[in-house]
Amino acid sequence: MPVAARLPISFLFLIALLLGCGGGGGGGGGAASGGTGAASVFLTDYPNPDFDEILVTIEAVELLGKSGPVTIWEGREVVDLTELEKFSDMFVYAPEVPVGTYSKIRLRVPKIELLNDGREACRVDAPANGRLDLLPQGPFEIRQGITVMIEIDMDANKSVHVVRRGNSDICNFRPVVIVTIKETLSPDKLARVHGEVTELFDDGGFELCSTRFVASRMDHSDDRYPDGGIGDRHRCLDVELDDETGVFDENGDLVDESAVEVGQELTVVGRFLVI
């Protein structure tokens, strides 16, 4: 939300690792046996000024290791990359990823749309076989009891190449993606989470259970695409407030901490911390 980007934000998201709060089991393959760690996946973007909307349909997130892929989320989400210029949004949190060494992150991407004024501005083909394989700078470990943060920065400005064929423009999508992997550290940009307030704390903070991805273009009243895999979008977080808190209602207006109520739908922007 534009108003959020202009405000000083300095509060923390604390993942509440609560039993019974997670998604179902599942996921193919596995990197190793003998314990699980956790992974949080954030999406961000460097903008492309040529398009009003850059819509990327994501149907699964997988981690690839020697034993095959581990699906940490599957469903259907249409993400507008133009909404991620200033923020790093938590896409999924998976609390039970098999311990082991992984070398790639794979996104299942069946469709990409480039729009201006709500209409197709340029035809673009999806990645080969609907798979977008992302290579971090080296293999990364999922360790027992440790949360790994994976930030995926899709550089739309460098990824889209417009070519003229006859009387029409064709867009080649050659993904330029930077993958940053850290253990229990905040994303480089401000993190953003939308959800419902489920509990108020005595210190003025509250529990926020995420209900949707902020940059989504999906109608989530449609239950044909439930979240699945090891993790899902519906995570509960503790929001710790201080004197420079930024909490926003559905209209993008700043909400005073004294006015926060259980059952409210709010968007919170700040620094993400796992403890």
Side-chain angles (χ1 to χ4, degrees), residues 27-31 37-48 54-85 87-94 97-98 100-114 124-143 146-161 171-183 185-189 191 213 215-216 227-233 272:
S40 56
V41 178
F42 287 78
L43 298 183
T44 186
D45 174 54
Y46 189 86
N48 186 315
I54 300 175
L55 305 183
V56 177
T57 299
I58 301 175
E59 293 188 341
V61 180
E62 302 170 347
L63 304 183
L64 275 62
K66 292 182 179 179
S67 300
V70 172
T71 302
I72 64 172
W73 176 80
E74 57 187 352
R76 190 168 188 266
E77 195 72 79
V78 180
V79 178
D80 184 0
L81 296 185
T82 65
E83 290 286 320
L84 297 173
E85 175 185 352
F87 301 104
S88 188
D89 282 9
M90 185 175 68
F91 186 75
V92 65
Y93 174 71
V97 182
T101 301
Y102 296 86
S103 58
K104 293 181 183 179
I105 299 100
R106 173 174 290 166
L107 303 182
R108 298 281 182 176
V109 178
K111 187 177 183 181
I112 297 171
E113 298 174 276
L114 306 176
V124 61
D125 293 329
N129 301 316
R131 299 185 307 188
L132 186 56
D133 286 351
L134 310 178
L135 296 173
Q137 292 187 347
F140 60 97
E141 299 283 339
I142 297 293
R143 297 188 291 153
I146 300 296
T147 297
V148 169
M149 191 211 76
I150 302 171
E151 186 177 54
I152 298 174
D153 186 349
M154 298 185 179
D155 192 334
N157 195 44
K158 294 181 179 178
S159 298
V160 178
H161 304 273
C171 289
N172 295 323
F173 188 83
R174 300 190 183 112
V176 176
V177 182
I178 299 173
V179 180
T180 303
I181 297 177
K182 306 175 183 177
E183 288 188 357
L185 293 175
S186 174
D188 293 331
K189 294 183 181 179
F213 187 62
S216 174
D227 286 343
I230 293 173
D232 62 28
R233 185 113 346 92
F272 185 88

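Computed from a prediction, not measured in an experiment: that's the story for all the values here.
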D80 side chain to L55 backbone, donor-acceptor under 3.5 Å
no
Shortest non-hydrogen pair, V124 vs I112, comes out as CG1-O, 3.0 Å
On a heavy-atom basis, the closest approach of F87 and T44 is O-OG1, 2.9 Å
Around atom CZ of R106, are there more than 12 heavy atoms of other residues, nucleotides or ligands at under 6.0 Å?
yes
Between L135 and K104, the two heavy atoms sitting closest are CD2-CG, 3.3 Å
Closer than 3.5 angstrom, by distance alone: can the side chain of S103 be matched with the main-chain N or O of P139 as a donor-acceptor pair?
no
Y102 and L63 have their tightest heavy-atom pair at CD2-CB, 3.5 Å
Sequence neighbours excluded, the answer for side chain to side chain donor-acceptor pair (under 3.5 Å) partners of E85 is none
With sequence neighbours left out, the residues meeting salt bridge (Lys or Arg N to Asp or Glu O under 4.0 Å) with D89 are R192
Tightest non-hydrogen contact, residues V109 and P127, listed as O-CD, 3.7 Å
Heavy atoms of T180 and K182 approach each other most closely as CG2-CE, 3.6 Å
For I178 and D155, what are the C-alpha separation, side-chain angles and deciding distance, and is it a side chain to side chain contact (heavy atoms under 4.5 Å, CB included)? CA-CA 8 Å; I178 299 173; D155 192 334; 5.8 Å; no
Taken to the nearest 0.5 Å, the spacing of D45 CG from I152 CD1 works out to 12.0 Å
Interatomic distance, CZ@R143 vs OG1@T101, rounded to 0.5 Å, equals 11.0 Å
Separation between CD (E59) and NZ (K111), nearest 0.5 Å, reads 10.5 Å
Requested in this report: May I ask you to decide if V176's main-chain N or O and S159's side chain share a donor-acceptor pair within less than 3.5 Å?
Outcome: yes
